[in-house]
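What follows is a short report on a single structure.
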Amino acid sequence: MPISVDIDVMLARRKMSVGELAERVGITPANLAVLKNGRAKAVRFATLAALCEVLGCQPGDLLRWEAEESEEAEGVAEGAAAVPAAEAADG
């Protein structure tokens with residue numbers, strides 16, 4: 001996923017445990033772990049706002065966009081798909 005979550009970085013800077021952050025934000029440690037480990041598909045703005053308030057940071061301190069590594073491979077695959085069927089059959 002091209003969105004990376006840096007909650008662990010902010011936790012280290014604030015010298016705070018996952019359990020303490022979860023309690024102060026009002027979510028379960030399990031749900032915080034899902035978010036922290038990048039397995040979440042979405043995050044509510046209310047949760048993001050609470051995280052920022054407790055950690056004293058901006059949303060950009062917690063979330064960052066990274067280009068996917070497979071973008072170059074997709075370009076190659078798209079180029080191969082443009083080969084006419086007759087040429088592909090001749091191999």
Side-chain angles (χ1 to χ4, degrees):
M1 176 181 276
I3 302 295
S4 296
V5 182
D6 290 328
I7 291 175
D8 52 347
V9 173
M10 293 306 295
L11 283 171
R13 288 182 182 167
R14 303 298 187 256
K15 295 179 174 60
M16 188 181 299
S17 70
V18 173
E20 180 183 353
L21 179 60
E23 183 178 325
R24 292 178 61 183
V25 169
I27 61 176
T28 66
N31 284 339
L32 182 57
V34 167
L35 182 59
K36 183 175 90 63
N37 294 326
R39 295 189 315 256
K41 299 293 182 197
V43 60
R44 294 177 190 262
F45 282 154
T47 303
L48 184 57
L51 286 166
C52 289
E53 183 177 353
V54 170
L55 293 170
C57 66
Q58 295 293 313
D61 296 326
L62 300 176
L63 304 173
R64 66 187 152 82
W65 177 83
E66 292 182 343
E68 290 191 45
E69 295 175 10
S70 63
E71 285 181 1
E72 290 181 28
E74 288 176 15
V76 171
E78 288 173 4
V83 175
E87 288 180 29
D90 291 339

Listing, residues 15-23 side-chain donor-acceptor contacts under 3.5 Å, not counting sequence neighbours, or none:
unit_1: Ser17; atom_1: OG; unit_2: Glu20; atom_2: N; d: 3.0
unit_1: Glu20; atom_1: OE2; unit_2: Arg24; atom_2: NH1; d: 3.4

Check: How about Arg14: does its CZ atom have over 12 heavy atoms from other parts shown lying under 6.0 Å from it?
Finding: yes
Check: In this structure, are over 12 heavy atoms from other groups packed under 6.0 Å from Arg39 atom CZ?
Finding: yes
Next item on the list: Could you tell me which residues satisfy side chain to side chain donor-acceptor pair (under 3.5 Å) with Thr28, sequence neighbours excluded, listed by chain and number?
Entry: Asn31
Checklist line | With Ile7, the side-chain contact (heavy atoms from CB on, under 4.5 Å) member among Leu62, Leu63, Asp61 | finding: Leu62
Check: With sequence neighbours excluded, what pairs up with Arg64 under the salt bridge (Lys or Arg N to Asp or Glu O under 4.0 Å) test?
Finding: Asp6, Glu66
Notebook entry, point to check: Does any non-hydrogen side-chain atom of Leu51 lie less than 4.5 Å from one of Leu32?
Noted result: yes
Check: Measuring from Arg44:CZ to Leu35:CG, what's the distance to the nearest 0.5 Å?
Finding: 12.5 Å
Margin query: Starting from Val54, can I reach Val43 by hopping between I/L/V/M/F/W/Y residues whose side chains sit under 4.5 Å apart?
Written below: yes
Checklist line | Transitive ILVMFWY side-chain link Leu48 to Ile3, under 4.5 Å | finding: yes
Next item on the list: Would you name the heavy atoms of Met10 and Leu55 that are closest together and state the gap between them?
Entry: CB-CD1, 3.9 Å
Item checked: Pairwise side-chain hydrogen bond (donor to acceptor under 3.5 Å, both in side chains) hits with a residue in residues 45-58, at least two apart -> none
